[in-house]
Amino acid sequence: QVQVVESGGGLVQPGGSLRLSCAASESIFSIDAIIWYRQAPGKERELVASFTSGGSTNYADSVKGRFTISRDNAKKTVYLQMNSLKPEDTAVYYCNVRLYPRSYWGQGTQVTVSS
């Protein structure tokens, strides 16, 4: 019953930046975790970044130092700031909201990094 909507994707040149948003109908301090995943064609789904309701964050090695996850509790929104983007970052990015024992997915937003 939790609705999740991603936005902010688009086309950007290598080295550029994008800010993805994940808006949830549930209060984000009521959830167990919010996780950003991505999946490129022919590739396995990859965990990109996450945070728990306790405030801890985690990043995939491939994005450490370039991506930052943050939140705005009042807006029920989680952000993924992506800097120094590389062509390898091209994928559909999904927001997953976990409210144990259930998990809720957004429909994804396309990020394309190309010159």
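If you're wondering where the values come from, they're calculated on a predicted model, not measured in any experiment.
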Heavy-atom closest contact ([X] atom, [Y] atom, distance):
| X | Y | value |
| --- | --- | --- |
| A60 | L47 | CB-O, 3.2 Å |
| K76 | S25 | NZ-O, 3.4 Å |
| S103 | R98 | OG-CG, 4.0 Å |

Within this structure, what is the [atom1]-[atom2] distance for the pair [X] and [Y], rounded to the nearest 0.5 Å?
| X | Y | atom1 | atom2 | value |
| --- | --- | --- | --- | --- |
| F51 | I35 | CZ | CD1 | 10.0 Å |
| Y37 | Y94 | OH | OH | 13.0 Å |
| S115 | L11 | OG | CG | 9.5 Å |

[X] vs [Y] side-chain heavy atoms within contact, under 4.5 Å:
| X | Y | value |
| --- | --- | --- |
| I69 | Y59 | yes |
| L20 | V78 | no |
| I34 | N96 | no |
| S70 | Q81 | no |
| P87 | P14 | yes |
| D32 | T52 | no |

Just checking, any donor-acceptor pair under 3.5 angstrom between side chains of [X] and [Y]?
| X | Y | result |
| --- | --- | --- |
| Y104 | R102 | yes |
| Y93 | R38 | yes |
| S50 | N58 | no |
| D72 | T77 | no |
| T90 | Q110 | no |

Counting only N and O atoms by type, is there a donor-acceptor contact under 3.5 Å from the side chain of [X] to the main-chain atoms of [Y]?
| X | Y | value |
| --- | --- | --- |
| T109 | G9 | yes |
| Y79 | T68 | no |
| Q107 | E6 | no |

Could K86 and D89 be called an ion pair, given the rule that one side-chain N must be under 4.0 Å from one carboxylate O?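 Result for this pair is no, no salt bridge flagged.
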
Take atom CD in Q39; do more than 12 heavy atoms of anything else shown fall under 6.0 Å from it?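 It does: Q39 CD has more than 12 such atoms within range.
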
Within the 6.0 Å centroid threshold, strictly below: F67 and W36: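 Aromatic pair excluded; centres sit 6.0 Å or further apart.
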
